[in-house]
Amino acid sequence: MPRTRPTIADLRAIRGTRQLTMLRVLTLQEAEAAEKAGIDIVSIPPDLMLNREYRDAAPSLFSMPGDNFYEIGGPDDFLRWSFQMYRAGADAVYCSAGFGTVKKMADEAIPVIGHVGLIPSRATWTGGFKAVGKTARSAMEIMEAVRRYEAAGAFGAEIEVVPVEVAEEICKRTSLFLISMGAGTGCDAQYLFADDILGQTQGKMPRHGKVYRDFNAEFARLQDQRIAAFSEFKADVDSRAYPEDRHIVKMDPSELATFLSELDAAT
């Protein structure tokens with residue numbers, strides 16, 4: 001029986017009964033694979049949400065487009081952008097901008113997912129790319145951010161690289177749908193990047209990442225095969241082994257004779 005796409009009400013009803021799965025996917029192929037694998041939620045680039053083929057590839061994925069706040073702009077820019085995403089079939093939008101921006105969208109009935117803990121686009125405020133919430137004071141600041149998201153009308157928030165105990169206690173005390181990225185199992189969903197799962201991350205793998213396949217090794221093997229194939233093609237051209245008769249079209253001899261005769265007459 002085909003899956004149906006969950007609504008906000010469905011996700012809220014699931015809270016506390018099981019953990020959902022969430023991926024960051026970048027292509028139609030990855031979205032289709034997530035659909036067939038039974039993944040629940042995906043974060044996607046806005047351009048993918050606008051692709052008319054997207055919902056054919058991912059009809060039942062709860063889909064959340066998002067980009068860094070500095071790529072979209074201020075509150076009015078976010079509102080226009082969120083309407084565009086919603087018209088294209090988004091189920092919610094990700095927003096790492098200010099609480100006022102979140103409220104502006106939520107007031108127009110746009111489901112918004114915020115971000116607490118380690119926020120890559122704001123990492124300078126918390127000391128770079130490292131865990132946040134390891135002290136009581138820092139943990140309380142995360143709790144306060146969650147409360148401000150609640151007050152702004154957000155539906156949920158990603159909680160990233162926060163001690164598991166902190167994330168679990170916050171999840172018990174909020175109405176937000178909390179998405180764990182490196183914050184343990186006490187939240188409502190587990191979130192990983194497809195690049196990490198597929199072993200195609202360039203650079204340092206995050207602590208919370210887990211590799212299930214080695215695509216980088218496969219890409220390297222395919223690149224070697226590309227070079228080998230291109231080299232063989234060049235060698236065939238140099239030696240006149242390519243093209244063979246089966247690769248070309250020949251003219252009927254009588255037509256060729258007429259053509260050559262007309263050429264001679266013309267010159």
Novice: Regarding Asp196 and Lys210, does a basic nitrogen lie under 4.0 Å from an acidic carboxylate oxygen?
Specialist: no
Novice: Please answer whether the main-chain N or O of Arg15 pairs with a side-chain N or O of Arg12 as donor and acceptor at a distance below 3.5 Å.
Specialist: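 No; judged by distance alone, with no hydrogens or angles, the pair does not exist.
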Novice: Measure the acute angle between the ring planes of His247 and Tyr242, then classify it against the limits of 30° and 60° as parallel, tilted or perpendicular.
Specialist: tilted
Novice: What residues form a side-chain hydrogen bond (donor to acceptor under 3.5 Å, both in side chains) with Ser254, not counting sequence neighbours?
Specialist: Asp252
Novice: Please determine if Asp76 and Arg80 form a salt bridge, counting it only when a charged side-chain N lies under 4.0 Å from a carboxylate O.
Specialist: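 Judged by the 4.0 Å cut-off on N to carboxylate O distance, Asp76 and Arg80 do not form a salt bridge.
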Novice: Could you grab the distance from atom NZ of Lys103 to atom CZ of Arg148, nearest 0.5 Å is fine?
Specialist: 12.5 Å
Novice: Drop me the distance from Thr126's OG1 to Leu118's CG, to the nearest 0.5 angstrom.
Specialist: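 Here the rounded value is 6.0 Å.
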Novice: So, are Arg52 and Asp47 salt-bridged, with charged N and O less than 4.0 Å apart?
Specialist: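 No, no charged N to carboxylate O under 4.0 Å.
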Novice: Decide, yes or no, whether a salt bridge links Arg24 with Asp195 under the criterion of side-chain N to carboxylate O below 4.0 Å.
Specialist: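 No salt bridge links Arg24 with Asp195.
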Novice: Please confirm whether the backbone N or O of Thr174 pairs with a side-chain atom of Glu150, one donor and one acceptor, at under 3.5 Å?
Specialist: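 No: the side chain of Glu150 does not pair with the backbone of Thr174.
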Novice: Has Thr21 got a side-chain atom pairing as donor or acceptor with Asp40's backbone, closer than 3.5 angstrom?
Specialist: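 Side chain of Thr21 to backbone of Asp40: a pair is present.
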Novice: Look only at the side chain of Asp77 and the backbone of Gly74, and say whether a donor-acceptor pair between them is shorter than 3.5 Å.
Specialist: yes
Novice: What residue pairs, at least two apart or across chains, pass ring-ring contact (aromatic ring centres under 6.0 Å, His included) with a residue in residues 126-182?
Specialist: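 Residue pairs passing ring-ring contact (aromatic ring centres under 6.0 Å, His included), neighbours aside: Phe99-Tyr149, Phe155-Phe177.
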Novice: Assess whether atom CD of Glu53 is packed by more than 12 heavy atoms of other residues, nucleotides or ligands within 6.0 Å.
Specialist: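 Counting other residues, nucleotides and ligands, CD of Glu53 stays at 12 neighbours or fewer.
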Novice: ring-ring contact (aromatic ring centres under 6.0 Å, His included) with Phe219: which residues, sequence neighbours excluded?
Specialist: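 If we apply the ring-ring contact (aromatic ring centres under 6.0 Å, His included) test to Phe219, skipping adjacent residues, the hits are Phe215.
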Novice: For Arg122, I'd like to know if atom CZ has over 12 heavy atoms of other residues, nucleotides or ligands within 6.0 Å.
Specialist: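 Yes - once you tally the heavy atoms of other residues, nucleotides and ligands closer than 6.0 Å, there are more than 12.
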Novice: Side chains of Ser261 and Asp264 only: does a donor on one sit below 3.5 Å from an acceptor on the other?
Specialist: no
